[in-house]
There are 4 protein chains.
Amino acid sequence: MTKENIINSALQQLAIHGYEGTTMKKIAEASNIKSASIYYFFKNKEDLVNNVLLKVLSGHFKAMTDEYFKYENEELKVRFETLLEKIVRHHRGNQNETAVYLRLMESNNTDFKMEVEQYLKQYNQWLTEKLYRNIKDEYTCKDETAIKDLLETYMLIGNGLFWGSIIYSDSRIEKEIVHAKNLFNLAMMNMLEEE
Amino acid sequence: MTKENIINSALQQLAIHGYEGTTMKKIAEASNIKSASIYYFFKNKEDLVNNVLLKVLSGHFKAMTDEYFKYENEELKVRFETLLEKIVRHHRGNQNETAVYLRLMESNNTDFKMEVEQYLKQYNQWLTEKLYRNIKDEYTCKDETAIKDLLETYMLIGNGLFWGSIIYSDSRIEKEIVHAKNLFNLAMMNMLEEE
Amino acid sequence: MTKENIINSALQQLAIHGYEGTTMKKIAEASNIKSASIYYFFKNKEDLVNNVLLKVLSGHFKAMTDEYFKYENEELKVRFETLLEKIVRHHRGNQNETAVYLRLMESNNTDFKMEVEQYLKQYNQWLTEKLYRNIKDEYTCKDETAIKDLLETYMLIGNGLFWGSIIYSDSRIEKEIVHAKNLFNLAMMNMLEEE
Amino acid sequence: MTKENIINSALQQLAIHGYEGTTMKKIAEASNIKSASIYYFFKNKEDLVNNVLLKVLSGHFKAMTDEYFKYENEELKVRFETLLEKIVRHHRGNQNETAVYLRLMESNNTDFKMEVEQYLKQYNQWLTEKLYRNIKDEYTCKDETAIKDLLETYMLIGNGLFWGSIIYSDSRIEKEIVHAKNLFNLAMMNMLEEE
DNA sequence: AATGAATGAGTATTCATTCAT
DNA sequence: AATGAATGAATACTCATTCAT
């Protein structure tokens with residue numbers, strides 16, 4: 001389908017050139033159509049990019065939730081660790097998608113910026129809540145603050161992993177995953193001890 | 001001085017709009033001159049941006065090394081922790097500078113991309129070597145791999161902090177710093193125990 | 001057709017203003033379109049001018065060969081004389097075309113310079129060979145050098161006529177043609193006598 | 001002297017790049033000064049180019065008259081022939097000067113065009129008159145028209161030589177000179193015979 | 001569903017020129 | 001005598017968008 005074709009080409013172009021650097025002509029060429037034809041399917045550039053962003057973000061959310069539920073029955077520690085790893089693998093396997101929302105977040109188009117930021121907030125919130133529930137359900141932890149701290153620490157490690165997945169080579173990334181898992185184990189054990 | 005003025009305006013614009021989104025006219029307007037005048041001081045846009053980048057990167061390096069040497073006589077643990085904090089504070093206090101090199105790194109101009117990436121690599125190398133020396137000098141650690149792992153873990157935490165400093169609010173960042181410090185302490189103690 | 005229209009306008013402008021002096025805006029105005037539209041048909045200024053040059057040179061060659069073959073069955077002397085006259089008439093009737101390649105030859109664009117020079121060389125070669133064959137076939141001239149000299153003399157007269165067609169008025173040109181014919185007759189008779 | 005220096009640099013630049021292609025900056029660079037300094041000596045670009053043109057044309061006239069008078073006491077035929085040769089040698093030895101007035105003549109600046117054309121007309125007139133007088137004085141030629149025809153023929157040959165000096169190589173030019181002399185001899189003898 | 005043709009608004013850059021020093 | 005700094009106007013070219021077909 002042409003429409004899907006255009007979205008994919010746009011995704012690719014946006015990943016490489018960013019919003020300002022992506023032209024309708026380049027997208028059209030990558031789709032083997034003429035640029036005028038894009039306007040049959042999309043109102044304008046913004047509309048098209050919005051569609052791309054929607055695809056990227058919903059794809060990300062689906063991948064993340066799928067991953068989460070796949071390991072729902074595992075032991076808590078394993079679940080946390082696996083999720084950490086899966087985040088990296090997803091970014092590595094979908095570098096274009098990640099590049100797109102990174103670049104749109106930094107574009108000077110406020111709409112995209114806000115959309116990405118809002119999504120990120122929502123996703124973080126969803127994840128945090130899930131994880132919070134998990135801990136609550138499995139550990140009889142009295143100290144709510146301790147849980148929150150652990151989760152924030154978890155996010156910190158996740159962020160480090162994320163940025164590493166952007167700037168590091170494949171081999172380095174594998175090490176990062178190991179370090180991240182170890183780090184989280186330490187943090188968790190530390191919390192349980194204090195308890 | 002007009003030349004300095006132009007560089008600063010360009011820095012600001014690049015932070016907001018990125019390379020493609022920054023126009024000579026916008027820079028000129030922000031400098032209260034006409035765009036033709038920019039060409040009296042700079043050969044072209046690339047030349048100007050190169051000057052901005054040079055300023056940003058050398059500024060970053062100076063700040064980082066200054067910070068490093070300021071605490072050189074402190075206890076190792078304090079030194080590591082302080083550096084972690086200072087990195088965040090520097091990014092927070094110089095958001096424009098950070099934004100510039102983030103965005104240039106992602107621009108489709110290969111020259112800038114490479115310059116930033118090379119700088120980052122160099123800086124990382126410098127930092128890693130310094131820290132490696134520090135640990136070696138102060139701890140009689142037999143296991144070289146353990147030190148390397150600790151350093152990589154330190155970088156992982158630093159990366160998490162860095163990305164957090166891009167996406168989080170001021171209040172959240174303060175918490176991140178605390179988590180980061182704790183995390184590193186755990187990692188270090190863990191290494192020493194194993195020894 | 002718009003494309004043809006643009007080429008013709010460009011031809012006109014190039015004849016008047018030369019390469020550097022011809023602007024895309026002037027061409028557009030002369031074509032009753034906006035300058036951006038030119039880029040729908042031509043990659044850039046150089047591409048457009050190349051098309052103009054192609055038209056001019058192929059037009060010149062066609063006119064010259066047509067003229068040559070039209071009188072192929074006439075007596076040799078008549079043929080030479082007619083050709084001399086036709087060269088002038090062609091330049092006079094197509095002053096713009098002549099002006100274009102004269103000016104492009106003198107432009108500081110090496111590509112056009114070389115294209116025109118190469119064409120001129122080719123055309124001269126073609127003409128010389130044809131004429132050489134004609135003399136050889138019709139006169140039992142033993143002295144090859146004499147023929148070559150006659151041809152070079154013919155070219156000299158042709159060049160005088162050409163330059164005259166650039167700088168002289170219509171009435172003066174008519175006289176030039178008569179002088180040129182007489183001159184060539186003298187040169188030819190002189191060669192035959194010596195034989 | 002700086003002024004002379006500027007004129008010479010401008011001459012060189014005009015020969016290479018023509019009027020439109022010659023910039024004040026290029027002239028300044030070739031003169032080892034800054035472009036603003038040119039305006040101390042010349043009102044504007046046109047004024048400067050006018051000075052160059054003046055130099056070129058007066059230089060040409062001086063060279064031509066010098067040459068003429070140097071051979072004034074020679075035999076008429078020799079005088080004509082020598083002058084023909086000297087014209088070529090002058091153009092060949094002063095290619096820049098010739099290029100300048102050729103290119104200015106074709107520039108779209110009407111002033112220069114007219115100045116060059118007027119000079120050429122004047123020079124032609126001067127030369128024609130001189131030569132006319134020479135013939136009149138030395139030959140008892142009754143037919144005025146014959147003399148005029150001979151002179152026009154002479155100019156035709158001169159023009160051929162001139163254009164050849166623009167487009168031909170050094171070796172070819174030497175042959176051209178021989179042909180031109182022979183041709184003029186034939187023309188002159190022809191006129192005398194008819195008498 | 002697709003495109004050929006066209007364009008207004010911009011974009012980096014150049015150029016002749018000015019003027020205070 | 002010379003220039004550093006500045007600019008209005010122009011130049012080739014690009015880009016998102018439109019519209020008739």
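Just the heavy atoms: all of them, side chains too, but no hydrogens, waters or symmetry mates, feed the values below. A note on names: the letters A, B, ... follow the listed sequences, proteins ahead of strands, and every chain is numbered from 1.
- Around NZ of K34(D), the count of heavy atoms belonging to other residues, nucleotides or ligands within 6.0 Å does not exceed 12.
- Cation-pi geometry between K3(B) and F42(B) is satisfied (NZ or CZ under 6.0 Å from the ring centre, within 45° of the ring normal).
- Residue L48(D) contributes atom CG, which lies 16 Å from atom P of dC15(E) at whole-angstrom precision.
- Between the NZ atom of K34(B) and the C1' atom of dT14(E) there is a distance of 18 Å, rounded to whole Å.
- Following rounding to the nearest Å, I6(A) (CD1) and dA1(E) (P) show an atom-to-atom distance of 11 Å.
- Cation-pi geometry between K45(B) and Y19(B) is met: the NZ or CZ atom falls under 6.0 Å from the ring centre, inside 45° of the normal.
- Partners of K62(D) by salt bridge (Lys or Arg N to Asp or Glu O under 4.0 Å), not counting sequence neighbours, listed by chain and number: D66(D).
- Every salt bridge (Lys or Arg N to Asp or Glu O under 4.0 Å) that K55(C) has, sequence neighbours left out, goes to E4(C).
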Once base and sugar-phosphate atoms are separated, protein heavy atoms under 4.0 Å mark nucleotides 14-21 of chain F, 5' to 3', with B, S and - as BBSBBB--
Side chains of residues 115-122 of chain B: which donor-acceptor pairs under 3.5 Å do they make with residues two or more places apart or in other chains?
from    : atom 1 : to     : atom 2 : distance (Å)
Y119(B) : OH     : L57(B) : O      : 3.4
Y119(B) : OH     : H60(B) : ND1    : 2.6
Y119(B) : OH     : F61(B) : N      : 3.2

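- In this structure, S37(B) reaches the dT7(F) phosphate: one of its side-chain N or O atoms is under 4.0 Å from OP1 or OP2.
- Exactly one residue among V100(B), L53(B), L14(B) makes a side chain to side chain contact (heavy atoms under 4.5 Å, CB included) with F112(B). That residue is L53(B).
- Atom P of nucleotide dG4(F) and atom NZ of K3(B) are separated by 13 Å, given to the nearest angstrom.
- Taking side-chain N and O atoms only, Y40(C) has a distance below 4.0 Å to OP1 or OP2 of dA5(E).
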For DNA chain E, produce a single dot-bracket line, 5' to 3'. Pairs: Watson-Crick or G-U wobble, both distances under 3.5 Å. Symbols: ( ) within strand, [ ] crossing, | other strand, . unpaired. .||||||||||||||||||||
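- Using cut-offs of 30° and 60° for the angle between ring planes, the H91(B) and Y101(B) rings count as perpendicular.
- With sequence neighbours left out, the side chain to side chain contact (heavy atoms under 4.5 Å, CB included) criterion links A30(A) to S9(A), Q13(A).
- Here the C1' atom of nucleotide dG8(F) and the CD1 atom of I38(B) are 15 Å apart, to the nearest Å.
- The CZ atom of F41(B) sits 11 Å away from the P atom of dG4(F) (whole-angstrom rounding).
- The interatomic distance linking N5(C) (CG) with dA5(E) (P) rounds to 13 Å, in whole Å.
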